[in-house]
Amino acid sequence: MDDKQKMEVVILTGLSGAGKTNAGDWFEDAGYYCVDNLPPILIDNFLELAKTSRKKIDRAAFIVDVRGGAFFDDLRGCIIRLRADEQIDCSVLFIEASASTLVKRFSETRRSHPLAKGSTTRAVIQQERERLSEIRAMADHIIDTTGMKVSELKEEIGKVFSSGAASFVINVMSFGYKHGIPDEADLVFDMRFIPNPYYVASLKKLSGNNKKVASFVLRQDITKAYITDMLALLEKLIPAYVKEGKYHLNIAFGCTGGRHRSVAMANEMTRLLRERGYRLTLEHRDL
């Protein structure tokens, strides 16, 4: 099996308080299926299920650390198995920080260290560091978050794991204005300027998924001009969104009822953007 067919698996581990949760947020935003605190021995089972699932999972990230207690000791063997699997591209990301930084963070958040019975001390952190030393030696990437802001941590992870526009997801939706504008939409395009198939007797009861309705909507001169201008706009905006660290863009196409014009346009724009290499999802909210 070649690299293009491999499932990408990231083992995210490291010192408590170093920023694994924030790192996990980056992977989730970037489209990885994220699982926190799963016993390492169960990771193999999860991946086997993922391979046979109807909903294809091609990228997964597992946050594994000393919270797992005795289960954590299985992580080394798990990594070895994953790296030997020809269907999996496994990498290990280790997050750490200085002892003084970690003591300060636990003090500020008033959270307890997983290995501490009381307050978090340098001795507790050193104990965890020693327990993790073998896993750290296996890491493909190590990030020290001492003095880092959350945004800087995510930027560092992006340099290692992000492939820019290839990780960017465009979520396309059609909707009807009479049912309300989607709250999650970043960009909303109003399709009510296009002649309405609702008033064509043979098209009224059909939807924008029907070829006749789609042809009616897309053959209009105003529609053709609009699509050309919209593609030009999006191809300028998307690289800017990627540069700013945004991992998805929600685009909504609306018409009166959400059945004809918006559906046809959402389908067409999804097709055109997919041809240009973007990753997309499509939903017809009010159909």
Side-chain angles (χ1 to χ4, degrees), residues 4-5 28-33 50 52-59 163-242 244 246-287:
K4 290 183 179 180
Q5 294 174 300
E28 189 166 13
D29 288 343
Y32 288 74
Y33 192 104
T52 58
S53 172
R54 290 182 179 179
K55 183 178 180 181
K56 184 179 179 182
I57 298 175
D58 53 10
R59 300 195 295 176
S163 55
S167 295
F168 190 82
V169 179
I170 302 173
N171 303 308
V172 178
M173 175 188 291
S174 68
F175 72 95
Y177 276 93
K178 70 179 184 179
H179 302 296
I181 298 175
D183 292 334
E184 64 270 32
D186 298 309
L187 299 175
V188 176
F189 295 99
D190 187 348
M191 299 295 103
R192 290 176 293 184
F193 64 87
I194 301 172
N196 195 347
Y198 180 84
Y199 296 110
V200 178
S202 62
L203 304 179
K204 181 177 181 178
K205 294 183 179 181
L206 304 176
S207 78
N209 285 328
N210 183 276
K211 290 183 179 180
K212 293 180 180 179
V213 174
S215 176
F216 177 89
V217 172
L218 299 175
R219 72 170 179 248
Q220 308 295 328
D221 290 339
I222 188 64
T223 305
K224 294 176 183 177
Y226 194 86
I227 289 174
T228 298
D229 292 343
M230 188 187 306
L231 281 173
L233 173 65
L234 291 175
E235 290 190 323
K236 289 181 180 179
L237 291 180
I238 290 171
Y241 279 121
V242 172
E244 288 301 310
K246 191 172 175 63
Y247 305 108
H248 54 80
L249 178 65
N250 301 321
I251 303 176
F253 295 92
C255 63
T256 305
R259 287 189 52 83
H260 296 98
R261 295 166 290 181
S262 62
V263 172
M265 183 64 81
N267 288 341
E268 180 66 3
M269 289 304 298
T270 297
R271 183 186 70 81
L272 292 171
L273 290 170
R274 189 165 282 145
E275 285 181 352
R276 285 159 174 75
Y278 295 107
R279 298 173 59 212
L280 290 106
T281 68
L282 175 62
E283 176 188 357
H284 298 305
R285 190 193 72 177
D286 299 323
L287 198 56

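Quick note: residue numbers are just sequence positions, from 1. In this text, all values refer to a predicted model and were calculated from it rather than measured experimentally.
Proximity of Leu231 to Arg276: side-chain heavy atoms (C-beta onward) are separated by under 4.5 Å at one or more points. Between Leu237 and Leu249 there is no side-chain heavy-atom pair separated by less than 4.5 Å. Residues Tyr226 and Met191 meet the side-chain proximity criterion, which asks for heavy atoms closer than 4.5 Å.
Rounding to the nearest 0.5 Å gives a distance of 10.0 Å between CE of Met265 and CZ of Phe189. Separation of atoms CG (Leu282) and OG1 (Thr270) is listed at 4.0 Å; rounding is to 0.5 Å. To the nearest 0.5 angstrom, Leu233 atom CG is 10.0 Å from Glu235 atom CD. Distance CG/Asn196 to CZ/Phe216: 7.5 Å, rounded to 0.5 Å.
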Would you mind writing out the side-chain donor-acceptor pairs for residues 170-185 within the sub-3.5 Å range, not counting sequence neighbours?
unit_1, atom_1, unit_2, atom_2, d
Asn171, OD1, Thr281, OG1, 2.6
Asn171, ND2, Asn250, OD1, 2.8
Ser174, OG, His284, ND1, 2.8

Can I get a per-line list of side-chain donor-acceptor pairs under 3.5 Å for residues 198-214, giving both atom names and the distance, sequence neighbours left out?
unit_1, atom_1, unit_2, atom_2, d
Ser207, OG, Asn209, N, 3.2
Asn209, OD1, Asn267, ND2, 2.8
Asn210, OD1, Lys212, N, 2.8

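The shortest heavy-atom contact between Pro197 and Val217 is CG-CG2, 3.8 Å. For the residue pair Ile194 and Gln220, the shortest heavy atom distance occurs at CG2-CG, 4.2 Å. Between His248 and Asp186, the shortest heavy-atom contact is O-OD2, 4.2 Å. Residues Glu268 and Ile227 come closest through the heavy atom pair CG-CD1, 4.0 Å.
When atom types are taken as modelled, the side chain of Arg59 and the backbone of Ala30 share a donor-acceptor pair closer than 3.5 angstrom.
Within the structure, the side-chain hydrogen bond (donor to acceptor under 3.5 Å, both in side chains) test picks out the following pairs touching residues 253-263 (sequence neighbours left out): Thr256-Arg261.
Within a 6.0 Å radius of OH in Tyr33, no more than 12 heavy atoms belonging to other residues, nucleotides or ligands are found.
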